[in-house]
2 protein chains.
Amino acid sequence: MTDPTIAPSPSKPRPTKDRLIFAAANLFSERGYHGVGLAEILSQAQAPKGSLYHHFPNGKPDLALASATWASDQMLLLIAASFEPADSFTEGATTLCHKLAKLFDYTGKWSGCPVSSTLFEGPDNAPFQRHAAHLFEGWISEVKYHGQRLGFTEEDAATTAQSFYMLLQGGWQLARVRRDSDVIRALPALLKLGDTC
Amino acid sequence: MTDPTIAPSPSKPRPTKDRLIFAAANLFSERGYHGVGLAEILSQAQAPKGSLYHHFPNGKPDLALASATWASDQMLLLIAASFEPADSFTEGATTLCHKLAKLFDYTGKWSGCPVSSTLFEGPDNAPFQRHAAHLFEGWISEVKYHGQRLGFTEEDAATTAQSFYMLLQGGWQLARVRRDSDVIRALPALLKLGDTC
DNA sequence: ACCCTCCTAGACCGATCGGTCTACGACTCA
DNA sequence: TGAGTCGTAGACCGATCGGTCTAGGAGGGT
């Protein structure tokens, strides 16, 4: 997600393992798992090949799993930071979309969802996609949790969270091809929430 | 899109160029542009390398463009076939979602959107993504056209078509990780159309 | 018969891929 | 100071990548 709030702190140099995860997440988001070679990741992370295989004994697949998980955690933090101070679901959703739109602009408008870019085309599809499913369900259930907290019935919260997820994935993709983050900003208006929001 | 209605006709053998496009579209959908080597495409298309570079002098990028365009055309046909006989937008959208859900099951639940899988991670991002944008806008404007035809104002048709597009992209992706086409079948209910539908 | 064009056929090439391996610096603890 | 551990460093490997090249089969026109 290349969250700017998590950007490298100048004082304490990021440890090698974290640099690898960060570089991998960014590069995979832009060009996908197979579109990025180890050489490029290593050069961007300023690390030698030995370090990679020290921290990730299984090599590229391990690194991909780790970077997707890290990116997913960033997304969960973003969801929590948006919905926790909100007084209504609509407000939380709007905040989240605005944060994501800013993030989209910040990443240069070339990146896709770091989880799907990384895990949808892995070497052996099954375990990668299972992990992607696990991460995505985490996003959805986090949103659902806030929906219930903000007054939705469980059923309403579930379908709203799922719709919101789909609109976000499709919306980010459309923003990417249009190179225009307004698509993301306009999402909350499309959710057409009931009255209880 | 691996549309079963366009499946190989047993009587007349598909010409080499078409076999290449068809094989490329299927493989790219599953594992993305960089995830598939020429060798695999050639073996699946039963064609030698010379034929590929005869029909597509610029090699893999040319083939990718052609296969994404072909897949997009299949999608346009599917949209038209769903909306043309429909008496309301909701009916057309429902038909389309059911057709796509069947297609999803038919492809073995491993494939992504053939356009985004092929063009989002190409060798040189800019022209590929421009082409993807062009194809996607074609889908959206086709849906918008039917929305207007079925009684929507231009503005309503535009936002509805765009929402539908995003829900479809996000929904297909969610169906893929869940390996369950019901996500796609449930989309029309989420469109929350106005009253004029 | 001949040529000419269209297309098939696959050997071959350098570049790059992911992965392995050995060597060594930095630090801790005895 | 010496041993042991953790992590860095990069040379090196076979496999595979996309792409080029030459040769030849099929069929029509003359």
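Residue numbers begin at 1 in each chain, while the letters A, B, ... track the order of the sequences. Quick caveat, the model's predicted, so the values are computed rather than measured.
When the side-chain nitrogen and oxygen atoms of H55(B) are compared with OP1 and OP2 of dT8(C), one or more of them lie within a distance under 4.0 Å. Within the 4.0 Å cut-off from OP1 or OP2 of dG18(C), at least one side-chain nitrogen or oxygen of K60(A) is found. In terms of phosphate contacts, T16(B) brings a side-chain nitrogen or oxygen within less than 4.0 Å of OP1 or OP2 of dT8(C).
In this entry the distance linking CD1 of I41(B) with C1' of dT16(D) reads 14 Å, nearest Å. Nucleotide dG10(C) holds its P atom 14 Å from the CG atom of L52(B), rounded to whole Å. One interatomic measurement links the two molecules: CG of L38(B) to P of dC13(C), which rounds to 19 Å at whole-angstrom precision. Per the geometry, NZ belonging to K49(A) stands 13 Å off P belonging to dC13(D), to the nearest Å. Protein atom OH of Y53(A) is 17 Å distant from nucleotide atom P of dA11(D), rounded to whole Å. Protein atom CG of L42(A) is 12 Å distant from nucleotide atom C1' of dT8(D), rounded to whole Å. The nearest whole Å value for the distance from the NE2 atom in H34(B) to the C1' atom in dG19(D) is 14 Å. Put simply, CD on E40(A) is 10 Å from P on dG18(C), counting in whole angstrom units.
Using a 4.0 Å cut-off between charged side-chain N and carboxylate O, D182(A) and R185(A) make a salt bridge.
With distances taken from any side-chain atom of P48(A) to the nucleotides dA9(D), dT8(C), dG19(C), the minimum falls on dA9(D). For S51(A), whose side chain is taken as the heavy atoms from C-beta onward, the closest listed nucleotide among dG19(D), dA11(D), dT8(D) is dT8(D). Distance from the side chain of H54(B) is smallest for dC6(C) among the nucleotides dA11(C), dC6(C), dG18(C).
When all heavy atoms are compared, the tightest approach of S67(B) to I21(B) is CB-O, 3.6 Å.
G50(B) comes within 4.0 angstrom of a nucleotide base, judged by non-hydrogen atoms across all strands. In this structure, G59(A) reaches the sugar-phosphate backbone alone: every heavy-atom distance under 4.0 Å involves primed, P, OP1 or OP2 atoms, never a base.
For the residue pair S82(A) / H146(A), no side-chain donor-acceptor distance below 3.5 Å is found, with atom types taken as modelled. Of the N and O atoms on the side chains of S72(A) and H134(A), not one donor lies less than 3.5 Å from an acceptor on the other residue.
For the pair K17(A) and F56(A), the distance from NZ or CZ to the six-membered ring centre is under 6.0 Å and the angle to the ring normal is within 45 degrees.
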